[in-house]
Every structure is written in C-alpha cells, then in structure tokens.
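What follows is a set of notes on a single structure, which appears directly below.
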Amino acid sequence: MSPSIYLDHHATTPVDPRVLEAMLPYFTEEFGNASSRTHAYGLRAAAALEDARERIAAAIGAADPGEIVFTSGTTESDNLALQGVARAGRARRSHLVTTRIEHHAVLDPCRALEAEGFSVSYLSVDAQGTLDPADVAAALSERTALVSVAAANGEVGGVQPLTEIAALCRERGVLLHSDAAQAIGRIDFDVRAAGVDLCAFCAHKIYGPKGVGALYVRSGRPRVRIAPLLHGGGQERGLRSGTLPVPLIVGFARALEICRDELASESARLRELRERLWTQLQAVGGAHRNGPAAPRLPGNLNVSFEGIDAVAVLTELEGIALSTGSACASGRSEPSHVLAALGVPPALARGAIRFGIGRGNTPEEIDTAAQRIAEAVRAHRRQRRGGAQAGVGGAI
Ligand SMILES: *Cc1c(COP(=O)(O)O)cnc(C)c1O
C-alpha cells in the first residue's frame, strides 16, 4: 500500500494545483530562453522571469528585485553564500561562524572550507535548540567573514532570534547569512526586518516545484562580495551562470505569493492540528516533545517515544509518510546531529519521529495518524519486551 497520509512537509511538499497552472504555459508555448534578446520568445521569457523576480523580492521584503539570484535550490544557495563570500574575502577574513544544528547544506560547505584553510566556529544551542546571541558576539573576531544561522530548524521547528544576531553582526562589520528554507512561507519572515545580508530558500518546501531556489543578496553598502561557483553564460549578473528555468521560477513566485496570502489562516490551522496530534500522542505514554514550545514552526512536531527504534516503527507503519529527521540526514542513517546538539540522550534520539503537517492535512488525517502511530509504538514496545524476556532481543 502506498502512503496516503503525508506528514513529511519539512522534506518536501506537493506542487499546489494553482502553481502548476501558472507554470504550464512556460513548458510549451512560452519556452524561450530568457537570455535570447533577438526574438519575441526570449523577450517574453525574460519578461516572465523579471516579473517573477519582482514578486519574489516583494514577498520576502527585499528592497530591490536585483537582490534575488536564482539557483537550483537551497543547497546551492547555501553553498553560494558560504563558499562565495568566504572565497571572495579570503585575503583578509578566514573565519566563519555557524551552529551545530544547521542543515548539511550549511555544515558540509563549512567542512569543505575548513579543508581549504578556513576556520569555522560551530556554536552550541540550548536544550530547546535556541542560539544565544551573546555566544555569536563572543565568537566574532576581526577575521570573521560570515555568520550563518538558519532562520528556523527543519527537525525541531525552533525559530532563531535573527534580528538580534543581525544587529550585533552589523555592529562588528560581519555579514549574516540565513538558511530560511523552513521559515519563508511558513512564518512571517522579511529579509529587511530580520536584518540578514544573505538568505537561502527554495520552492519545493512551499508547494512549488523542485529544482529551483534563490539566494537573496542585499544590495548597497557595505557591499556583499561573492565569488561565483558556476562560470559560463554570465546569467544572474555573473553570480550564477546557466540558462534559467523560467517555468520553475514562475511557479516559485506563485507558490510564495499563495503562502504569503494564506499565512495567517494557514499557520493558525496548522498550529491547531499540531496540538491536536500532540495531545493524542501524549496519551501513548513515554512521549517527549523535542524543541521549543514557542517560537516554533506551526506545522512542526518532534516527539521521542521511550523504548522504540523510530526507523523500525516507521518502516512498519504503512500508509503514513513520516520521517525521523531531515531527509538528507536520515539517508545517512546516523543519529540526528540536531537532537544530539539539544542534548537528547541517544536512546531517545533513536525513538524520535518528526511530524511535518502541511496544506493538505485534515483533522481526520491527524486523528487516524495518531491512532495508527499509538498502535505501532505499543506493538513495537511489546515486541521488544517479549524479545528481551525470551532472550532473543538484539536491539535493546
Ligand atoms: C530542504 C532544506 C535544504 C535543502 O534544500 P534543497 O532545495 O533540497 O537543496 C537546506 N536547508 C534546509 C533548512 C532545508 O529544510
């Protein structure tokens, strides 16, 4: 049986039919290359591209459409921000600051930069996953090029105090980048209000297509200098060469606008569903909520069940799509680095299930899922106890 209740909206989301509808003409009739300046096909593609750029800039509170650089997704945007800023300023500044709970799209480029000779400070967070701005201040030096802090965490849903972090970075003349893949479209997020200099996000987390993202790069002074990762046709002011996927970008803009227009009602609805789910899961017993009560992504819940192996439970649980953590991290089948950083003991980290409630979910689905999970957790616990008593349990 294929999954019929989808509760993994932090990994990806379905394309909203309204987004698909906006994209369709750009796959067929309006297929021009936005860099073709000598005919109407190209000019119309360029017009659609620039229209989408303006709408995306407006939706995230950017001052100017030129601050949006299109990429293939958040991973590329994070890499462009981190490696691009680090390499452009290599001569004077060779230090970066980030946190232990970043996505691998931030942590792994940091590792790559360390191999090139940069140094990186990985800051700890508290038991709720919140970063203390004072720790950022303490980590900054004359050599610091960039601070990178995700606006919201995709595993435990915590929202960081970016505005305070941005203020102290600005004071010290250090750039701030934020991975906002989980924040933009889900919470009220504005790049100027947050005070970030760079910001990465993508379409497939907000009911848009896979394969397109953006890096916001603040214009004005002090100038943000970036060394490109890709060299070629010079698109995106030379920051990201390659033919732009106009259909995906048109969909990206529409997806973002829908999220913005429905944000207030949708986040209230998701918060309600989340609390409904948590109330029912608590009744199972031995359930612990990971991450903060607030501020938190409205559709996010992360629960550790005592005495279970979450991977085994989820594999058994047919018909409900859930994960133990970030899709990329779970592929590695290592315990979650995010839960470890929050100080969750290994046995409870192994029993953690991440819930990502989203646009299509109904109260009935939440009730069905809660009931099925409760049954699966109880059955798994019984099986483990039985196995232990019979002396055949290997996984205790
Ligand atoms: C999903 C995600 C990414 C990776 O985004 P892609 O567009 O799939 O490359 C990076 N950071 C965070 C916080 C994410 O949630």
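Just so you know, ligand 1 is whichever comes first in the structure, and atom 1 is the first atom listed for that ligand.
- Residue A283 comes nearest to R378 through the heavy atom pair O-NH2, 4.1 Å, listed as atom of the first residue, atom of the second, then distance.
- Close contacts of ligand 1 with D179, meaning ligand atoms under 4.0 Å from a residue heavy atom, involve 10 (C), 11 (N), 12 (C), 13 (C).
- At a 3.5 angstrom cut-off on N or O pairs, Q182 counts as close to ligand 1.
- For ligand 1, the atoms sitting less than 4.0 Å from at least one non-hydrogen atom of G73 are 7 (O), numbered in the order shown with element in parentheses.
- One N or O on the side chain of S178 and one on the backbone of A151 form a donor-acceptor pair closer than 3.5 Å.
- Counted by atom type alone, S121 and H95 present one or more donor-acceptor pairs between their side chains at under 3.5 Å.
- In summary, the atoms of ligand 1 found under 4.0 Å from a heavy atom of K205, numbered by their order in the structure, are 1 (C), 2 (C), 3 (C), 14 (C), 15 (O).
- Residue contacts with ligand 1, taken as heavy atom pairs separated by less than 4.0 Å, involve H204 solely via side-chain atoms from C-beta onward.
- At least one test fails for R53 against the ring of F70: distance under 6.0 Å to the centre or angle within 45° of the axis.
- Atom OG1 of T144 and atom CZ of R92 lie 11.5 Å apart (nearest 0.5 Å).
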Check your understanding: For R240 and T71, what are the C-alpha separation, side-chain angles and deciding distance, and is it a side chain to side chain donor-acceptor pair (under 3.5 Å)?
Key -> CA-CA 7 Å; R240 205 282 190 173; T71 65; 6.0 Å; no
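- Near C202, meaning under 4.0 Å from one of its heavy atoms, ligand 1 places the atoms 7 (O).
- Distances below 4.0 Å separate heavy atoms of T75 from the following atoms of ligand 1: 4 (C), 5 (O), 6 (P), 9 (O).
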